[in-house]
Novice: 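Input: one structure, supplied below.
Letters go in sequence order (proteins before strands), and every chain restarts at 1.
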Number of protein chains: 2
Amino acid sequence: MALGRGSSRGTQKGHEPVTGTDRPTSRDVARAAGVSQATVSLVLGDKWRGRVSPRTAESVRSAAVELGYRPNLAARNLRLGRTRTALLVVPALTNDYFARVYTGAARVAARNGVGVVLYPSPEGVGPAPDPFGSARAALDGVIASSMAVGALDAISGDPAAGTAGLPLVMLDSEPGAAGAAATVNLDLADGMRQVMDHLGALGHRRITHITAAVDSWTFHVRRRAFETAIVGLPGAVAGREPAGLSVDEGLQAARRALTAPGPRPTALVCDDDLLAVGACKAVRRLGLRVPEDVSVTGFDDLALATAVEPELTTVQLPADEVGARGMSALLGALDGRPPEPPDILPVHLAVRGTTAAPAEG
Amino acid sequence: MALGRGSSRGTQKGHEPVTGTDRPTSRDVARAAGVSQATVSLVLGDKWRGRVSPRTAESVRSAAVELGYRPNLAARNLRLGRTRTALLVVPALTNDYFARVYTGAARVAARNGVGVVLYPSPEGVGPAPDPFGSARAALDGVIASSMAVGALDAISGDPAAGTAGLPLVMLDSEPGAAGAAATVNLDLADGMRQVMDHLGALGHRRITHITAAVDSWTFHVRRRAFETAIVGLPGAVAGREPAGLSVDEGLQAARRALTAPGPRPTALVCDDDLLAVGACKAVRRLGLRVPEDVSVTGFDDLALATAVEPELTTVQLPADEVGARGMSALLGALDGRPPEPPDILPVHLAVRGTTAAPAEG
DNA sequence: CCTCGTTAGTGTTACGTATAACTTACCCGT
DNA sequence: ACGGGTAAGTTATACGTAACACTAACGAGG
């Protein structure tokens with residue numbers, strides 16, 4: 001039954017390719033089953049109904065198993081002109097918002113027989129942060145977070161050209177972003193509004209916004225929404241303190257906000273949970289308490305938010321839904337379906353332990 | 001100059017492949033530059049020195065740019081019989097230990113012109129968690145964390161067969177694991193020893209080990225090392241409390257440990273930072289203080305460890321070095337070099353705020 | 001008996017690339 | 001003038017697969 005895997009590698013003329021790990025090919029399976037390669041392709045491709053007898057099909061299948069046949073994906077991709085693989089470009093792996101985005105995207109992709117390759121934009125990983133060279137996988141389409149567009153247009157000035165003409169779905173980016181086949185958005189403005197309503201209702205009037213100093217739409221929106229909300233809050237006094245996206249930067253920014261001359265803010269609204277955690281540390285290092293002396297709010301509802309004490313009041317984002325919709329949109333674009341109207345996913349404020357009414361004063 | 005991208009798709013007989021996004025091919029570039037396809041391949045493959053005149057080379061290059069030529073990776077992979085792509089299988093994205101492993105691996109890979117595809121073993125993502133179907137990228141080799149072997153042998157009973165005959169490097173796994181071309185290890189036993197020495201020197205004698213209830217070598221080692229250390233500590237009394245790998249499970253386990261009948265442990269040694277953070281919460285919920293009443297130690301030094309207060313005393317792991325060595329080993333195996341002797345990377349205890357001498361009593 | 005339709009396959013081709021082997025033109029020394 | 005050498009390309013494959021177009025065998029209907 002198990003013929004030797006002869007595979008007459010006849011070098012008559014010309015080329016001689018680098019001989020990789022020579023696995024059995026569909027032709028080897030064909031020889032073993034006593035049929036032609038075309039039949040093997042039909043059977044294993046599950047297109048044999050009514051074209052190959054069940055007996056033959058079964059013998060092909062068992063021969064394939066016998067030899068441990070695995071189709072050569074490179075050959076298949078070349079033949080089909082498509083890879084059924086999508087690239088997901090995210091800014092950071094550590095951030096579990098993106099981990100959840102991936103989960104949602106992967107779920108939808110798996111249901112459609114599509115693979116997902118992750119490309120975390122490198123933080124000094126290599127000299128050429130080229131997703132299409134680095135993740136050398138041949139790709140059908142790209143989903144990118146707005147926070148990672150740097151990785152895309154690092155290749156060329158034009159963000160769209162960065163995807164090399166592949167369909168592109170943008171997440172959390174300006175609706176109708178140039179070059180994108182679709183966009184998936186969160187109602188971040190509403191999230192910030194919920195935060196401000198909550199703080200306003202508690203009685204806070206001196207509020208400092210600790211902003212993420214990252215040039216990304218997701219943060220611009222938060223800032224605009226904060227500014228809109230603060231003018232809608234009678235007698236409110238706003239402050240602003242920019243910070244990089246880390247716990248430590250949040251700590252520094254909060255320290256600056258709390259030790260600045262003038263009346264101390266009673267609430268710190270942070271653009272991100274990392275910043276909020278840092279802010280809480282700053283409050284305590286100044287001998288104050290959260291939330292009795294200073295309320296702190298975050299954004300994103302990372303795992304970190306419920307790990308710290310007190311647990312963070314923050315805005316929960318439906319991250320996996322973002323990933324799932326993004327993948328759906330990409331699959332639609334790949335199938336040539338017209339883009340669906342961009343809908344904006346709702347977000348939800350989770351009130352936890354870092355907000356309370358301000359002390360009298 | 002810019003000829004139309006004619007690409008006479010002559011369907012004389014037979015096949016007719018699915019016409020994907022028809023990008024320009026090297027033959028189109030050849031036509032535009034007035035040379036043969038072979039010359040284009042030579043020039044763009046940077047193998048033209050002494051075989052093509054500089055003038056011609058330049059005209060080929062500019063024609064390629066003009067047309068926006070991007071080589072078809074599927075075709076290249078097929079021709080070369082290799083993809084220069086490695087798969088990194090990790091248990092979770094959220095855990096920044098693995099994010100750092102990836103960073104290290106990606107750094108080494110980039111230096112060698114190799115791409116890295118991440119495969120986070122899915123938590124209920126799809127029905128068939130098949131890295132080789134899901135990450136449909138054609139692969140040259142696999143690096144897998146021992147904590148993710150489940151994703152590998154989910155495909156077949158045999159962990160090695162899971163990689164479909166590809167070279168496999170195991171991280172943090174039993175040295176000389178079956179089927180692995182190489183293994184990269186951390187001296188976790190020494191890490192645990194450092195923890196115990198530290199606690200012993202502080203005067204702790206009633207110590208409970210909060211173990212990760214995960215069937216992985218990395219945790220077996222920790223447990224064995226704990227048990228070895230405890231017998232080497234005169235008068236020491238050990239406890240053990242298993243927990244799943246999460247903050248909340250750590251909290252539950254610590255609560256059980258602290259409220260069990262008999263004298264209360266003065267120190268909780270946790271297998272993981274997540275557990276340690278949960279343990280700290282449990283201590284405080286019982287009205288006790290960290291570290292005055294109960295000392296807590298973690299393991300891994302996640303970002304979380306310095307986000308909480310007090311900052312966690314924990315064992316720092318050279319995660320990126322693990323990734324880098326793993327990738328080096330894989331590249332070596334791919335080049336047919338004999339495996340280097342498995343070396344064990346040192347780890348280092350970071351003493352921070354959650355450990356102190358126990359109160360008298 | 002011939003034709004038609006169905007069943008069960010096979011032969012052949014091209015996807016786009018990299019490279020071994022061949023070719024042609026030109027120059028130099030003797 | 002002529003052989004040999006080099007520079008500058010070109011030609012011809014083959015990688016493994018999927019699918020179209022073809023064919024051989026066979027039974028049924030007229």
Novice: Whole-Å distance between D:dT17 P and A:Arg70 CZ?
Specialist: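 The distance from CZ of A:Arg70 to P of D:dT17 comes to 13 Å, rounded to the nearest Å.
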Novice: Check this for me: B:Arg49, atom CZ, are more than 12 non-hydrogen atoms of other residues, nucleotides or ligands nearer than 6.0 Å?
Specialist: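 Counting neighbours around CZ of B:Arg49, more than 12 heavy atoms of other residues, nucleotides or ligands fall under 6.0 Å, so yes.
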Novice: To the nearest Å, how far apart are B:Asn77 CG and D:dT17 P?
Specialist: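 Distance, rounded to whole Å: 14 Å.
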Novice: Nearest to the side chain of A:Pro71 - C:dT19, D:dT17, D:dG16?
Specialist: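 It is D:dT17.
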Novice: Can you tell which of C:dT17, D:dG16, D:dT10 lies closest to the side chain of B:Leu78?
Specialist: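 Of all the options, the side chain of B:Leu78 is nearest to D:dG16.
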Novice: Given C:dG16, D:dA12, C:dA14, which nucleotide is nearest the side-chain atoms of A:Arg79?
Specialist: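 For A:Arg79, the side-chain atoms sit closest to C:dA14.
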Novice: As a test of reading the structure: which of D:dG16, D:dA19, C:dT17 is closest to the side chain of B:Arg76, going by heavy atoms?
Specialist: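 Selected nucleotide: C:dT17.
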Novice: Please compare B:Asn72 and A:Arg27 by the position of their nearest nucleotide in DNA chain C and report the one closer to 5'.
Specialist: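 Its nearest nucleotide being more 5', the pick is A:Arg27.
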Novice: As a quick check of understanding, evaluate side chain to side chain contact (heavy atoms under 4.5 Å, CB included) for A:Val40 and A:Val35, giving each step before the final call.
Specialist: CA-CA 7 Å; A:Val40 173; A:Val35 297; 4.0 Å; yes
Novice: May I ask you to say whether B:Glu58 pairs ionically with B:Arg61, meaning some side-chain N is under 4.0 Å from a carboxylate O?
Specialist: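 Salt bridge present between B:Glu58 and B:Arg61.
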Novice: Tell me: CD of A:Gln37 to P of D:dC20, nearest whole Å?
Specialist: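 One finds 14 Å between P of D:dC20 and CD of A:Gln37, rounded.
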Novice: Looking only at side-chain N and O atoms, does A:Ser41 come under 4.0 Å of OP1 or OP2 in D:dA18?
Specialist: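 True: A:Ser41 side-chain N/O within range (under 4.0 Å) of D:dA18 OP1/OP2.
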Novice: Is it the case that the side chains of B:Ser62 and B:Ser59 hold a donor-acceptor pair, with the cut-off being a distance below 3.5 Å and no angle test?
Specialist: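 Their side chains do not contain a donor-acceptor pair, so the 3.5 Å distance test is not met.
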Novice: Mind calculating the distance between CG (A:Asp46) and P (D:dA19) to the nearest angstrom?
Specialist: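 The distance from CG of A:Asp46 to P of D:dA19 comes to 12 Å, rounded to the nearest Å.
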Novice: Listed by chain and number, what are the side chain to side chain donor-acceptor pair (under 3.5 Å) partners of B:Ser53, not counting sequence neighbours?
Specialist: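 B:Ser53: side chain to side chain donor-acceptor pair (under 3.5 Å) contacts with B:Thr56.
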Novice: Rounded to whole Å, please give me the gap between CG in A:Leu44 and C1' in C:dG9.
Specialist: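 Distance, rounded to whole Å: 15 Å.
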Novice: Check nucleotides 6-9 of chain D against the protein and report each pair of N or O atoms closer than 3.5 Å, with its distance, or say if there are none.
Specialist:
unit_1, atom_1, unit_2, atom_2, d
D:dG9, OP1, B:Thr56, OG1, 3.3
D:dG9, OP2, B:Ser53, N, 2.9
D:dG9, OP2, B:Ser53, OG, 2.6
D:dG9, OP2, B:Thr56, OG1, 2.7
D:dG9, O6, B:Arg51, NH2, 3.4

Novice: Not counting sequence neighbours, which residues clear side chain to side chain donor-acceptor pair (under 3.5 Å) with B:Glu321? List them please.
Specialist: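 B:Glu321 satisfies side chain to side chain donor-acceptor pair (under 3.5 Å) with B:Arg325 only.
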